[in-house]
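Let me begin by presenting the structure, written as structure tokens, before commenting on it.
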Amino acid sequence: MLDLKTVRENLPAVAAALKKRGFDFDVEAFERVDAGRRAAITEAEQLKAAKNGLSKKIGDLKKAGEDAGELMDRVRLMGEQVSAAEARAAELDEKLYDGLKRTPNLPHESVPEGLGAEQNVEVKAWGRPPVFDFSPKPHWELGEALGILDWVRATKISGARFTVYRGMGARLERALIQFMLDTQTQRNGYTEFWTPLLVNAETMFGTGQLPKFEEDLFRLRGDSPYYLIPTAEVPLTNLHRDEVLDEAVLPLKYTAYTPCFRAEAGSYGKDTKGMVRQHQFNKVELVKFALPETSFAEHEALTLDAESILEALELPYRRMLLCAGDMGFGAAKCYDLEVFSAGQEKRWWECSSCSNFTDFQSRRANIKVKRRDGKKELLHTLNGSGLATSRVLPAILENNQLADGSIVVPKVLRPYLGGIEKIG
RNA sequence: GGAAGGAUGGCCGAGCGGUUUAAGGCAGCAGACUUGAAAUCUGCCGUGGGGGCGACUCCACCGUGAGUUCGAAUCUCACUCCUUCCGCCA
């Protein structure tokens, strides 16, 4: 959520910045509601102040043993005026904050203009796409032929957009997760967590999934207090909800492997084959809590941490700086890492999204830092995938395939797979 | 699932209808003393929101939401969470 005062005091600049990401901020409506809200609050508070003063007088009179009956009648009548004024103020207050909660973050100055993926800027490329002397197959054909991925049975037991991993497929997935976690904890300095996969509405609000994106989430029942997490960002970031952290402990670097559950509403008919767009997938997530003055440097470092996985796996990738209009709701700046996948028509797959949310999430989730001088302020939150296996495993299958349909296991994963060099 | 107790500022903790303007302590910040530090002393020190150029002032907040009352941290009801005990259970 944006800061009310910042919005009020920089209206034209805020509207212009939001325009950069294609969000139409209604300046006129904001000014009207904001002014109305403040007028209503002032009126209600003046009435309350008068009422409080008289109530106090009643106490004094009673203590002095005098009659306060007449005054009590007067104050009783004021109660109705106060309630009416409070109701008006509350209505406008809700309207104002409801609008604010549904307004995305301001893009950082380094973010290019643009409304769609076409305006994203490639800022880095690593590795070389493999060259084949045969026609490379997509991962769903490779996986089925090897008997390691099974979509027919996944559909039977659950439905569309689920994957069953079998034998070396299951083991490869597990190896990948463990390799990612080991790298982030042992090499890149993150602390590992296991968290609940079901979280409450406050938690979903804290990271920005609610109230605007409820249709993307799975819920046990309509009346259940629990939502299934769409990413480990949600539980990890909310670990420190309503907390004040000491400046000395920052930055905090957290990681967790979790399954991720997404309704993928509105994506029907898109990427229906294979495991790239599923209702349930696996991801190792990176989350940072940082000081405001270092958060953009931490963002660069976090992105490098995510890239270190792809490089270790020897998977070619490119880093895209997202344009303002292609970023997620809460992001001020975002890099996408896209891995090259040899067997599909769309050859670059987003396998990580590394974002700096500045104080957008921390304002919602009320996460503060206590500075050395004792002052408290909102800290900055960041996160990125490190990485999503549903995009990395297909890339391994497709890029490392041989003419006979077998797969060369990346060297760094071999210790996790009993030393085997090839699947199939 | 049953029973009892509890939830107060960054932390601990008093307060159980009107000097609460939330005591006191810890931590923190500033200053004094000191060569420096420690100890000691003095002062400051919750969050959010209104109004004012400003000194300042007002409102709300004591787990959440309703209610009683002229007046609620304090009384009533519901809910959430925590602790202890019992039951069940991987």
Side-chain angles (χ1 to χ4, degrees), chain A residues 1-9 30-101 194-206 210-211 220 223-227 235 238-250 252 289 291 359-379:
Chain A
M1 191 170 70
L2 298 177
D3 178 50
L4 175 60
K5 274 189 185 146
T6 305
V7 174
R8 182 186 296 149
E9 287 162 13
F30 173 84
E31 283 181 317
R32 181 161 32 82
V33 175
D34 183 49
R37 168 182 172 272
R38 283 193 281 168
I41 286 175
T42 302
E43 191 197 342
E45 291 189 348
Q46 281 171 351
L47 281 167
K48 273 191 273 190
K51 187 174 168 231
N52 287 346
L54 292 178
S55 289
K56 194 164 228 168
K57 207 172 267 175
I58 291 170
D60 293 341
L61 283 174
K62 287 202 163 182
K63 204 176 298 168
E66 294 177 38
D67 176 50
E70 191 190 337
L71 205 50
M72 282 167 71
D73 290 340
R74 258 176 68 198
V75 176
R76 196 177 295 128
L77 290 175
M78 287 180 73
E80 288 172 31
Q81 286 180 314
V82 169
S83 319
E86 273 187 321
R88 269 198 304 282
E91 189 188 325
L92 288 166
D93 187 78
E94 199 187 327
K95 202 168 174 182
L96 187 76
Y97 277 101
D98 190 62
L100 226 42
K101 285 172 192 171
W194 281 91
T195 71
L197 308 178
L198 300 175
V199 300
N200 58 34
E202 287 81 4
T203 294
M204 285 297 186
F205 176 78
L210 292 179
L220 299 187
D223 61 345
S224 168
Y226 301 124
Y227 294 84
N238 279 281
L239 285 173
H240 292 300
R241 177 152 52 83
D242 293 321
E243 290 187 17
V244 180
L245 304 174
D246 208 76
E247 177 172 353
V249 309
L250 299 180
L252 289 173
F289 299 85
L291 294 171
D359 59 5
F360 190 85
Q361 287 182 331
S362 61
R363 184 170 295 106
R364 287 172 159 249
N366 187 27
I367 309 173
K368 292 185 174 166
V369 52
K370 186 176 185 183
R371 310 304 299 237
R372 291 190 212 288
D373 65 1
K375 295 232 170 68
K376 283 171 243 171
E377 64 178 300
L378 296 169
L379 49 68

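Note on naming: letters A, B, ... go to the chains in the order of the sequence lines (proteins, then strands), and numbering restarts at 1 for each one.
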* Given B/G48, is OP1 or OP2 found less than 4.0 Å from the side-chain N or O atoms of A/K368? -> yes
* Asked: Between A/K48 and A/I41, which has a closest nucleotide on RNA chain B that is more 5'?
  -> A/I41
* Minimum-distance pair of heavy atoms, taken over all atoms of A/M78 and A/L47 -> CE-O, 3.9 Å
* Structure fact -> For B/C11, the nucleotide meeting Watson-Crick or G-U wobble distances (both under 3.5 Å) is B/G25
* Asked: Should A/K51 be listed as having a side-chain N or O under 4.0 Å from OP1 or OP2 of B/G71?
  -> yes
* Taking atom types as modelled and ignoring hydrogens, do the side chains of A/T203 and A/N200 form a donor-acceptor contact shorter than 3.5 angstrom? -> yes
* To do: Please state the P separation for the pair B/A4 and B/A23 - nearest whole angstrom.
  => 34 Å
* **No-H, no-angle donor-acceptor pair, A/E45 side chain to B/G51 base, under 3.5 Å** => no
* Nucleotide of B/G71, B/C59, B/G50 approaching A/N52 most closely (side-chain heavy atoms) -> B/C59
* Take atom CD of A/E94 as the centre, draw a 6.0 Å sphere, and report whether it contains more than 12 heavy atoms from other residues, nucleotides or ligands. => no
* Asked: Contact class for A/N366 (heavy atom, under 4.0 Å): base, sugar-phosphate, or nothing?
  -> nothing
* **A/G53 vs A/L4, nearer the 5' end of RNA chain B by closest nucleotide** => A/L4
* Pick base, sugar-phosphate or nothing for A/R363, based on heavy-atom distances below 4.0 Å to the nucleic acid. => nothing
* Give one of base, sugar-phosphate or nothing for A/R74, where a contact means two heavy atoms less than 4.0 Å apart. => nothing
* To do: Pick base, sugar-phosphate or nothing for A/K62, based on heavy-atom distances below 4.0 Å to the nucleic acid.
  => base
* Look at A/R37 and B/G50 and indicate whether a side-chain polar atom (N or O) is within less than 4.0 Å of OP1 or OP2. => yes
* Asked: Expressed as a whole number of Å, how far does the P atom of B/C12 sit from that of B/U68?
  -> 34 Å
